[in-house]
Amino acid sequence: MEHSAATVSYLAEEQLVSIVPRQSMDSITLIGRSMPALRPLVRQEVPLWLALLLKRHGKCSIVAPAWLDIENLKHIYEQEQANRNRFSELPEHWIETSELLLNEAADDISSEPHTIRALLQDLKEIRQSKAREGMGQLTSSYIQLDNLGRMEIHELRGFMTGIMRQLHKLDSFIEQPTSDYEDD
Amino acid sequence: MTSTGNYYDIDDILTDGIKLPCTFEITVPGLGFLAGHNANDAIKEGTEAELPLWLASTLSVSQITADSDKTFVSLPIPTALSQVVMNALEGDPMSVNLRDQSTHFYRFVERWLSISDLSDEMTLRMAQVTSAALQQRATSIFNHAQNPNTAVWDESGIISNLDELELGLYKIAQTATINVRKWVSSKKTT
């Protein structure tokens, strides 16, 4: 398997989040990118992995991303219910990010982390059930996955591509005259 | 198109080995053993013998002489791909036990189509019905794979009615789901 859930989560930790440091730290030059110098109470953008690392040591608090908010999540959930045929917009890494932040920085995210968790769970479930319905509309060449997050795609990918590959082989016999391309 | 195959693909090899009842159209000397006779006997015209797919498919498409319509063997539609099975698949795809028909049902269909006349309505229908059936079965299989309880007991008997392709994909879907769950719980404990 090319990607495990841990890999997907690792990729999510590369995205930038805002933090409010409690201590100073000099800038660090790494191969990928440089970490900015931190001054107490001056907001900075750092990769999620660094934010979590500092948070674990009590050296910063993390600013919750705008979308990870009770009102916004409620709104998105309503959208999901209203449009049965499409997924509403959420960041690519919404599952991984929310999971990591709620586990390690719940106090920074919201005064009601349980409400947020419940909302996220509802969202996951309604979207999963949509994805399952969508499975019935799979064709050999087309599948609509707009706005699905990495983790959601991770759960679907292997199965879907396998089915599509076989459908493609079978369908190539049905549309003989037009198939002037070779498969594989 | 006729060879879908990868030399080292075990599923391809197993598909090649599926036995098909064929009728010899001509008398061939020295092949008596195929019909269970003495090796020195000839196999007579009209004799039925079970040949593996790889051999039957070649013999059923090669003409005896360049200008003859006759092929070495005639190959009736095998039971696994018969109209009865196609009708059932069209009616309720999940009700058919594909594994009982063939452990490599979809590959079998594919191979059959590759040696058949595609302008024939029955052949075309076989391709359409099989494709539609797979599409519909996919939903049930995926639901089943994502549900951790049914996965253990298989009360509905779904797993035992999947062909090898479906079973493989079922495992892939199940592994991915378990993988995500494990990741979620690993984050919780830290």
Side-chain angles (χ1 to χ4, degrees), chain A residues 1 3-10 12 52 56 95-96 98-104 117 120-121 124-125 128-129 131-140 150-177 179 182-184, chain B residues 1 3-6 93 105-107 109-114 116-119 123-147 163 165-166 168-190:
Chain A
M1 196 151 59
H3 271 47
S4 69
T7 320
V8 177
S9 157
Y10 174 82
L52 293 172
R56 258 171 243 155
I95 293 186
E96 307 89 293
S98 59
E99 198 66 47
L100 292 168
L101 287 178
L102 284 170
N103 281 327
E104 306 211 34
R117 265 194 193 283
L120 288 167
Q121 191 56 35
K124 261 188 229 174
E125 277 163 20
Q128 265 181 359
S129 87
R132 280 182 216 154
E133 282 166 33
M135 202 72 81
Q137 276 125 46
L138 265 185
T139 68
S140 57
R150 282 281 179 104
M151 200 58 100
E152 291 167 302
I153 290 174
H154 166 70
E155 276 198 72
L156 299 171
R157 168 162 42 204
F159 184 81
M160 276 191 169
T161 49
I163 296 281
M164 288 172 84
R165 205 171 295 131
Q166 186 62 49
L167 284 175
H168 175 71
K169 286 183 190 163
L170 290 169
D171 289 353
S172 68
F173 291 103
I174 301 172
E175 299 135 14
Q176 266 293 296
S179 73
E182 292 276 288
D183 44 341
D184 286 351
Chain B
M1 248 337 191
S3 89
T4 45
N6 176 344
F105 186 81
Y106 295 101
R107 281 172 190 262
V109 170
E110 235 180 274
R111 296 291 295 274
W112 182 263
L113 292 173
S114 69
S116 302
D117 175 12
L118 289 168
S119 57
T123 315
L124 191 64
R125 177 161 177 259
M126 188 189 294
Q128 286 162 340
V129 170
T130 313
S131 171
L134 174 61
Q135 189 186 28
Q136 289 186 45
R137 287 168 68 97
T139 316
S140 309
I141 298 168
F142 189 71
N143 282 350
H144 204 65
Q146 283 211 319
N147 185 331
D163 100 319
L165 170 93
E166 294 174 330
L169 291 173
Y170 172 87
K171 281 181 193 155
I172 288 176
Q174 195 185 42
T175 313
T177 303
I178 292 173
N179 187 239
V180 172
R181 280 199 195 123
K182 276 193 180 150
W183 169 77
V184 170
S185 53
S186 76
K187 290 294 161 192
K188 289 232 156 65
T189 49
T190 49

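Hydrogens, waters and symmetry mates play no part in the numbers below; they use all other heavy atoms, side chains included. Remember, predicted model here, so these are calculated numbers, not experimental data. Chain naming here is simple, since letters A, B, ... match the order of the sequence lines and numbering starts at 1 in each.
Heavy-atom pairs under 4.5 Å with chain A peak, among B/Ile141, B/Leu113, B/Thr123, at B/Leu113. Among the candidates A/Met164, A/Met151, A/Gln128, the residue making the largest number of heavy-atom pairs closer than 4.5 Å to chain B is A/Met151. When the candidates A/Met160, A/Arg56, A/Glu96 are compared by the number of heavy-atom contacts under 4.5 Å with chain B, A/Glu96 comes out ahead. The most heavy-atom pairs under 4.5 Å with chain B, out of A/Ser129, A/Ser9, A/Gly158, A/Gly134, come from A/Ser9.
A distance of 7.5 Å separates OG of A/Ser172 from CD of B/Glu110, quoted to the nearest 0.5 Å. Distance check, rounded to the nearest 0.5 Å: CD of B/Gln128 to CG of A/Leu170 gives 11.0 Å. Annotation: the span from A/Gln166 atom CD to B/Phe105 atom CZ amounts to 10.5 Å, rounded to 0.5 Å. One distance of note links CD1 of B/Ile172 with OG1 of A/Thr161; it measures 7.0 Å at 0.5 Å rounding. Note: A/Phe159 CZ to B/Lys171 NZ = 14.0 Å, rounded to the nearest 0.5 Å.
Both the backbone and the side chain of A/Glu155 come within contact range of chain B, each with at least one heavy atom under 4.5 Å from a heavy atom of that chain. Neither the backbone nor the side chain of A/Glu133 comes within less than 4.5 Å of any heavy atom in chain B. Of the two parts of B/Gln135, the backbone and the side chain both hold a non-hydrogen atom closer than 4.5 Å to a non-hydrogen atom of chain A. Contacts of B/Leu165 with chain A are made by side-chain atoms alone, with heavy-atom separations under 4.5 Å and no backbone atom involved. In this structure, the portion of A/Leu100 lying under 4.5 Å from any heavy atom of chain B is its side chain and not its backbone.
The shortest non-hydrogen separation linking B/Trp183 to A/Ala5 is CB-CB, 3.6 Å. Nearest approach of B/Leu124 to A/Phe173, heavy atoms of both residues: CD1-O, 4.4 Å. Of all the heavy atoms in A/Leu167 and B/Ser131, the pair that sits closest is CD2-O, 3.2 Å. Heavy-atom minimum distance, B/Val180 versus A/His154: CG2-CD2, 3.4 Å. Here the shortest heavy-atom pairing between B/Thr139 and A/Met135 reads OG1-C, 3.8 Å. Scanning all heavy atoms of the two residues, the minimum distance from B/Phe142 to A/Leu156 falls at CZ-CD2, 3.3 Å.
Side-chain polar atoms of A/Ser4 and B/Asn179 form no donor-acceptor pair below 3.5 angstrom.
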